[in-house]
Amino acid sequence: MRGPHEPVEQVCARCKSKGTTIMNVFAAFQTRLEAVLLLLKEQGRLPASVEPSRAVIEPPRDPSHGDMAINAAMVFAKEAGMKPRDLAALIVAELEKDSSIVACEIAGPGFINIRLAPSVFDDALRALIADPQHFGRGAPRKGKVNVEYVSANPTGPMHVGHGRGAVFGDALASLLAFAGHDVTREYYINDAGAQVDVLARSVFLRYREALGEDIGAIPDGFYPGDYLKPVGVALVKHYATQLVDMPESEWLPRVRRYAIDAMMTMIREDLAKLRVEHSVFFSEASLREPLDAVKTTISALRAKGLVYDGRLPPPKGQVDAEWEDREQALFRSTEFGDDVDRPLVKSDGSYTYFASDIAYHASKYQRGFTTLIDVWGADHGGYVKRMAAAVNAVSDGKAVLDVKLCQLVKLMRNGEPVKMSKRSGDFVTLAEVVDEVGADAVRFMMLFRKNDAPLEFDLAKVIEQSKDNAVFYVQYAHARCFSIFRQAAQAFDGRRFTPSELLAADFDKLSDPDERRLIQFIAEYPRVIDAAAQAHEPHRLAFYLYDLASAFHALWNRGKDKGQAPLRFINQDDATLTVARLALVYSLMSVLASALAILGVSAPDEMR
RNA sequence: GGCCUCGUAGCUCAGUUGGAUAGAGCAGCAGCCUUCUAAGCUGCGGGUCACUGGUUCGAAUCCAGUCGAGGUCGCCA
């Protein structure tokens, strides 16, 4: 079994000298296209104002249109004062000088469809076979990226919704690292607010319970869950009866620290089950002590005129009897596009959560990060504008914040909703789900959906071994590749088919249109990585995997039909052909493994 | 009421940052199949991309408005 923890994060040292153009055929031709446009500019045949990078070269939707499509003629027609098709002709005349372009044709409103020599894609495959670990990776990029995800309150076990953000953030971080970014994975521990005091008091009840006291029903305003019982028991072991007679001001800090640590241990274990990792756990409390970074940050903003004392209009559309008009410290977030300025200090004098969060994000910037990605639940959507404003303010516009909102997860079983009663504190936890269906199923299904779309997660369907289950379908493609190699070894008296042998394969033997399509699909991998990383959308990789698996299964099935035996991957009478096909299978297998590793899903050798 | 995220086939969802005739899986219908790995395969039907305007060579995609779903609206985090 190939584990999901191959070193996808380590930037390959070879990237520096090698670059990506050899492997990314689309990037390579984008460069050539831009060179042509530049040349036309220099010759004065295109106005100086055209920006070559605005033109796009991409795989066409319809394969009959060729291998790549260029929209340049339409994009620049107006600036050039030419008809798109005339401009296209100009570009085509230059492109045709390229020996790897075997045909150019102008189609529709001015598309340039180009057909490439098969060797272009074959070379990409050779590059992949020569170095499967490297294929698709981006060259190292400037700037540090911080991905903050999970950041669940340390007050109880994680539920399924947390799991979605966890998997999303984890996969996004891996994806960005693979694409060449310097990525740090971070968890913000909310260990300074009122809710951890509630936690401490709830645990103190359990402590007394563990000492034999009858505590009765858990009162309102306390965390009722049974998961706190062991913490109470552990407290007894640690403190015996020492805490019982202390005043709250003395036991609370002790119990709080202990409880938070216990909760974080539990959360880390849950995350580990899901193969979700963080390299930095950042404590909110550490922003206050020993130095008050919140105060410092607010002062700095005040000095810039971005914090002032003022009054806020009461919220509209809802009557709030509690509303009291008062003067308070406000952050001028309207300066950066927010709707109202936001308070930093509560009526009791303590900081609002937002104040801490500004200091926290300032810390990220001070630690050298310029791209900040926060993964939040959709219920925090109303918070995005002010946070983006704050990041802008504390970094003087030098850092950008991208907040990825994850929608709710609806837990189902055989199409029926699974009941979750939160009131009793006895809801379905993430750990229970992972134990039931496995990390692979949870991870893949959560990534097989756009993050901002609601997700239905069916506990029964995700472990079904059938084509209807995307996890199985993709993993099975990988297992099938292995199976083909096992079969091949048997058919050719234990021959090994080493990578170096596959590298020397005769790719001309791969001439069936479906084979060629699969090769091109594999060659698209670096482009998919690049686009998904740029958009911060790991789900694109999951869909690519599914489509890739689908193309492979279809090809495999063709060999199953009567009279189509020559299409089978293994042909005992033709070793040259078999080696070529195995080279294709090996390439496919490598890409499947690579993409699955980024998503944190295992790539099994067999699925019996 | 303000703001945020959405609205695509009967259902669940993609849609390559504005490209050509909008795709896939279920479900439905029609055939085929006993295996290089068995948990099937192939094909067909199915659409006012919520609606109305606008931007331009070109819009599911961008902008404005309307309708609908969910979320959110100082002193929770």
Side-chain angles (χ1 to χ4, degrees), chain A residues 26 56 58-62 65 69 71 73-75 77-78 83-84 107-111 113 151-153 155 190 192-196 284 312-318 320 322-324 326 328 330 338-340 342-350 352-354 356-357 377-385 405 407-408 448-450 452-456 458 464-470 472-473 476 479-480 482-484 486-488 490-491 524 527-528 531-532 534-535 537 539-540 543-544 546-547 550 553-554 556-562 565 567-572 606-608:
Chain A
F26 291 90
V56 173
E58 57 187 353
R61 196 163 280 170
D62 185 341
H65 289 154
N71 67 357
M74 280 115 65
V75 173
K78 199 173 187 179
K83 289 179 185 169
F111 286 102
N113 293 328
S151 299
N153 289 338
T155 56
N190 298 128
Q195 86 287 351
V196 285
E284 182 188 357
L312 230 41
K316 287 169 185 167
Q318 62 172 32
D320 190 346
E322 301 287 301
W323 176 266
E324 63 168 297
R326 68 180 183 90
Q328 56 194 332
L330 296 171
D338 199 3
D339 314 300
V340 290
R342 304 292 178 174
L344 300 172
V345 180
K346 298 183 211 167
S347 51
D348 67 0
S350 63
T352 59
Y353 180 80
F354 181 50
S356 291
D357 227 354
D379 54 343
H380 292 67
Y383 204 73
V384 174
K385 276 189 184 175
L405 298 177
Q407 274 290 348
L408 298 176
F448 200 53
R449 188 111 318 172
K450 227 172 6 187
D452 51 12
L455 170 67
E456 273 187 26
D458 196 304
E464 225 169 69
Q465 297 217 336
S466 79
K467 187 183 183 301
D468 306 344
N469 178 7
F472 170 76
Y473 192 63
Y476 184 49
R480 179 168 265 173
F482 260 81
S483 167
I484 289 171
R486 282 192 294 266
Q487 295 288 332
Q490 228 165 48
E524 261 186 64
R527 185 176 186 274
V528 173
Q534 211 174 318
E537 291 183 350
H539 78 271
R540 293 195 194 195
F543 280 94
Y544 171 76
Y546 184 81
D547 292 341
S550 181
H553 287 312
W556 189 90
N557 283 321
R558 279 187 62 201
K560 221 171 68 169
D561 288 349
K562 275 181 186 163
L567 265 176
R568 294 187 174 197
F569 289 97
I570 298 163
N571 192 319
Q572 223 160 343
E606 59 178 358
M607 300 195 75
R608 280 172 200 283

Chemist: Which pair of non-hydrogen atoms, one from Arg326(A) and one from Lys346(A), has the smallest distance, and what is that distance?
Modeler: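 Heavy atoms of Arg326(A) and Lys346(A) come nearest at NH2-C, 3.1 Å.
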Chemist: With a 4.0 Å cut-off on heavy atoms, is Arg61(A) in touch with a base, just the backbone sugar-phosphate, or nothing at all?
Modeler: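 Since a base atom lies under 4.0 Å of Arg61(A), the category is base.
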Chemist: By nearest atom, which of the nucleotides A77(B), U5(B), C57(B) is closest to the His380(A) side chain?
Modeler: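 For His380(A), the side-chain atoms sit closest to A77(B).
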Chemist: Pick base, sugar-phosphate or nothing for Ala532(A), based on heavy-atom distances below 4.0 Å to the nucleic acid.
Modeler: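 Touches nothing.
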Chemist: Roughly how far apart, to the nearest Å, are C41(B) and G25(B) at atom P?
Modeler: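 Roughly 10 Å separates the two P atoms.
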Chemist: Which pair of non-hydrogen atoms, one from Phe448(A) and one from Ala470(A), has the smallest distance, and what is that distance?
Modeler: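 Reported closest heavy-atom pair: CE2-CB, 3.7 Å.
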Chemist: Starting the side chain at C-beta, find the nucleotide from C36(B), A77(B), A20(B) nearest to Ala69(A).
Modeler: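 Closest nucleotide among those given: A20(B).
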Chemist: Among the nucleotides U17(B), U42(B), G19(B), which one has an atom lying closest to any side-chain atom of Arg527(A)?
Modeler: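 Between U17(B), U42(B), G19(B), the one nearest the side chain of Arg527(A) would be U17(B).
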Chemist: If we ignore hydrogens and angles and just use 3.5 Å, is the side chain of Glu464(A) paired with the main-chain N or O of Asn469(A) as donor and acceptor?
Modeler: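 No, Glu464(A) side chain to Asn469(A) backbone: no donor-acceptor pair under 3.5 Å.
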Chemist: Considering only heavy atoms from C-beta outward, does the side chain of Val196(A) approach that of Asn190(A) to under 4.5 Å?
Modeler: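 Contact flag for Val196(A)/Asn190(A) side chains = no.
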Chemist: I need the Gln195(A) CD to Thr155(A) OG1 distance, nearest 0.5 Å.
Modeler: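 Between Gln195(A) CD and Thr155(A) OG1, I get 6.5 Å after rounding to 0.5 Å.
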Chemist: Between U5(B), U72(B), G40(B), which nucleotide has the shortest distance from any of its atoms to the side chain of Gln407(A)?
Modeler: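 It is U5(B).
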Chemist: Give each protein N/O atom lying under 3.5 Å from an N/O atom of nucleotides 9-14 of chain B, with the pair distance.
Modeler:
{"residue": "U12(B)", "atom": "O2'", "partner": "Arg449(A)", "partner atom": "NH1", "Å": "3.2"}
{"residue": "C13(B)", "atom": "OP1", "partner": "Pro454(A)", "partner atom": "O", "Å": "3.1"}
{"residue": "C13(B)", "atom": "O5'", "partner": "Arg449(A)", "partner atom": "NH1", "Å": "3.0"}
{"residue": "C13(B)", "atom": "O2'", "partner": "Arg449(A)", "partner atom": "NH2", "Å": "3.4"}
{"residue": "A14(B)", "atom": "OP1", "partner": "Lys450(A)", "partner atom": "N", "Å": "2.9"}

Chemist: Kindly give the heavy-atom pair with the smallest separation between Arg540(A) and Ala535(A), and that separation in Å.
Modeler: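 So the two residues come closest at NH2-CB, 3.5 Å.
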Chemist: Tell me, please, which residues at least two apart from Tyr353(A) pass ring pair (Phe, Tyr, Trp, His ring centres under 6.0 Å).
Modeler: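 Ring pair (Phe, Tyr, Trp, His ring centres under 6.0 Å) check on Tyr353(A) returns nothing, list empty.
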Chemist: Out of G19(B), G74(B), A77(B), which nucleotide sits closest to the side chain of Phe111(A)?
Modeler: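 Within the option list, the nearest is G19(B).
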Chemist: Please report the distance, rounded to the nearest Å, between NE2 in His65(A) and P in G19(B).
Modeler: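 In whole Å, G19(B) P and His65(A) NE2 are 15 Å from each other.
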Chemist: With stacking defined as ring centroids separated by under 5.5 Å and planes differing by under 30°, is Phe569(A) stacked against C36(B)?
Modeler: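 Stacking between Phe569(A) and C36(B): absent.
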Chemist: Tell me: CE of Met74(A) to C1' of G18(B), nearest whole Å?
Modeler: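 After rounding, the gap between these two atoms is 10 Å.
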Chemist: On RNA chain B, compare the nucleotides closest to Asp62(A) and Gly193(A); which residue's is nearer the 5' end?
Modeler: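 Comparing both residues, the 5'-ward one is Asp62(A).
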Chemist: What nitrogen or oxygen pairs link the protein and nucleotides 24-27 of chain B at under 3.5 Å?
Modeler:
none

Chemist: Mapping Ser350(A) and Tyr473(A) to their closest nucleotides on RNA chain B, which lands nearer the 5' end?
Modeler: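 Residue closer to the 5' terminus by nearest nucleotide: Tyr473(A).
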Chemist: Which heavy atom in Arg449(A) sits nearest to a heavy atom in Phe543(A), and how many Å separate them?
Modeler: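 Answer, listing the atom of Arg449(A) first, then Phe543(A): N-CE1, 4.1 Å.
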Chemist: Mind checking which stems touch RNA chain B? I mean at least 3 consecutive Watson-Crick or G-U pairs, both distances under 3.5 Å.
Modeler: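 Detected stem regions: B:1-7 with B:67-73, B:10-13 with B:23-26, B:28-32 with B:40-44, B:50-54 with B:62-66.
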Chemist: Establish, for the pair Arg342(A) and Phe354(A), whether the NZ or CZ atom is under 6.0 angstrom from the six-membered ring centre and no further than 45 degrees off its axis.
Modeler: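 Here Arg342(A) fails the 6.0 Å and 45° test against Phe354(A).
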Chemist: Going from CD on Gln328(A) to CG on Leu312(A), what distance comes out if it is rounded to the nearest 0.5 angstrom?
Modeler: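 Output value for this atom pair is 5.5 Å.
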Chemist: Only counting residues at least two apart or in another chain, list the ones meeting ring pair (Phe, Tyr, Trp, His ring centres under 6.0 Å) with Tyr476(A).
Modeler: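 Ring pair (Phe, Tyr, Trp, His ring centres under 6.0 Å) check on Tyr476(A) returns Phe472(A), His553(A).
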Chemist: Quick one: classify the glycosidic conformation of U17(B) as syn or anti, with syn meaning within 90° of 0.
Modeler: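 What U17(B) shows is a syn base, its glycosidic angle lying within 90° of 0.
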Chemist: Across the strands shown, which category fits Val196(A) at heavy-atom distances under 4.0 angstrom: base, sugar-phosphate, nothing?
Modeler: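 No contact.
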Chemist: Working to the nearest 0.5 angstrom, can you tell me the gap between His539(A) NE2 and Tyr546(A) OH?
Modeler: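 Rounded to the nearest 0.5 Å, the NE2-OH separation comes to 15.5 Å.
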Chemist: Are Ser356(A) and Glu284(A) linked by a side-chain donor-acceptor pair shorter than 3.5 Å?
Modeler: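 A donor-acceptor contact under 3.5 Å links the two side chains.
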Chemist: Between C3(B), C75(B), G19(B), which nucleotide gets closest to the side-chain atoms of Asp339(A)?
Modeler: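 Side chain of Asp339(A) sits closest to C3(B).
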Chemist: Measure from CZ on Phe354(A) to C1' on A77(B) and round the result to the nearest Å.
Modeler: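 About 14 Å, once rounded to whole Å.
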Chemist: How long is the line joining CD of Gln465(A) and C1' of A39(B), in whole Å?
Modeler: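 Checked: the CD to C1' distance equals 7 Å.
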Chemist: Please determine, for the side chain of Pro59(A), which listed nucleotide (A39(B), U16(B), C75(B)) has the closest atom?
Modeler: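 The nucleotide sitting nearest to the side chain is U16(B).
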Chemist: Tabulated below should be each protein N or O lying under 3.5 Å from an N or O of nucleotides 62-64 of chain B; please produce it.
Modeler:
none

Chemist: State which of C76(B), G19(B), G74(B) makes the closest approach to the side chain of Gln328(A).
Modeler: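 Of the options given, the side chain of Gln328(A) lies nearest G74(B).
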Chemist: How long is the line joining CH2 of Trp556(A) and C1' of U42(B), in whole Å?
Modeler: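 About 15 Å, once rounded to whole Å.
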Chemist: Ignoring hydrogens, what is the shortest heavy-atom contact between Pro84(A) and Ala73(A)? Give both atom names and the distance.
Modeler: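 The pair with the smallest heavy-atom distance is O-CB, 3.2 Å.
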Chemist: Could you state the atom-to-atom distance from NZ of Lys78(A) to C1' of G19(B) in whole Å?
Modeler: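 Going from NZ in Lys78(A) over to C1' in G19(B) covers 17 Å.
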Chemist: Test Phe26(A) against Glu524(A) for side chain to side chain contact (heavy atoms under 4.5 Å, CB included), laying out the working first.
Modeler: CA-CA 8 Å; Phe26(A) 291 90; Glu524(A) 261 186 64; 3.3 Å; yes
Chemist: Choose from G40(B), G19(B), C75(B) the nucleotide whose nearest atom is closest to any side-chain atom of Ser466(A).
Modeler: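 Of all the options, the side chain of Ser466(A) is nearest to G40(B).
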Chemist: Would you indicate what Gln490(A) reaches in the nucleic acid, counting non-hydrogen atoms under 4.0 angstrom: base, sugar-phosphate, or nothing?
Modeler: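 Counting heavy atoms under 4.0 Å across all strands, no contact is made by Gln490(A).
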Chemist: Can you give me the closest heavy-atom contact between Leu405(A) and Gly381(A), atom names plus distance?
Modeler: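 It is CD1-CA, 3.8 Å.
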Chemist: Starting from P on U72(B), measure out to CG on Asp379(A) and report it in whole angstrom.
Modeler: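 My rounded result for the distance is 6 Å.
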Chemist: Between A77(B), C36(B), A20(B), which nucleotide has the shortest distance from any of its atoms to the side chain of Ala107(A)?
Modeler: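 In terms of side-chain proximity for Ala107(A), the closest of A77(B), C36(B), A20(B) is A20(B).
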Chemist: Within the 4.0 Å heavy-atom criterion, would you say Arg326(A) contacts the bases, only the backbone, or no part of the nucleic acid?
Modeler: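 Since a base atom lies under 4.0 Å of Arg326(A), the category is base.
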Chemist: Under 4.0 angstrom, heavy atoms only, what part of the nucleic acid is Pro84(A) near: base, sugar-phosphate, or nothing?
Modeler: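 Contact class for Pro84(A): none.
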Chemist: Check every strand shown and say whether Tyr383(A) touches a base, only sugar-phosphate, or nothing at a heavy-atom separation below 4.0 Å.
Modeler: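 It contacts base atoms.
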Chemist: Counting only side-chain N and O atoms of Lys385(A), is one of them less than 4.0 Å from OP1 or OP2 of U5(B)?
Modeler: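 False: Lys385(A) side-chain N/O out of range (4.0 Å or more) of U5(B) OP1/OP2.
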Chemist: Taking any heavy-atom pair under 4.0 Å as a contact, classify Ala77(A): base, sugar-phosphate, or nothing.
Modeler: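 Result for Ala77(A) = nothing.
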Chemist: Between U21(B) atom P and Asn113(A) atom CG, what is the distance in whole Å?
Modeler: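 Asn113(A) atom CG is separated from U21(B) atom P by 13 Å.
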Chemist: Any chance you could measure Asp357(A), atom CG, to Tyr383(A), atom OH, to the nearest 0.5 Å?
Modeler: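 These two atoms lie 4.5 Å from each other.
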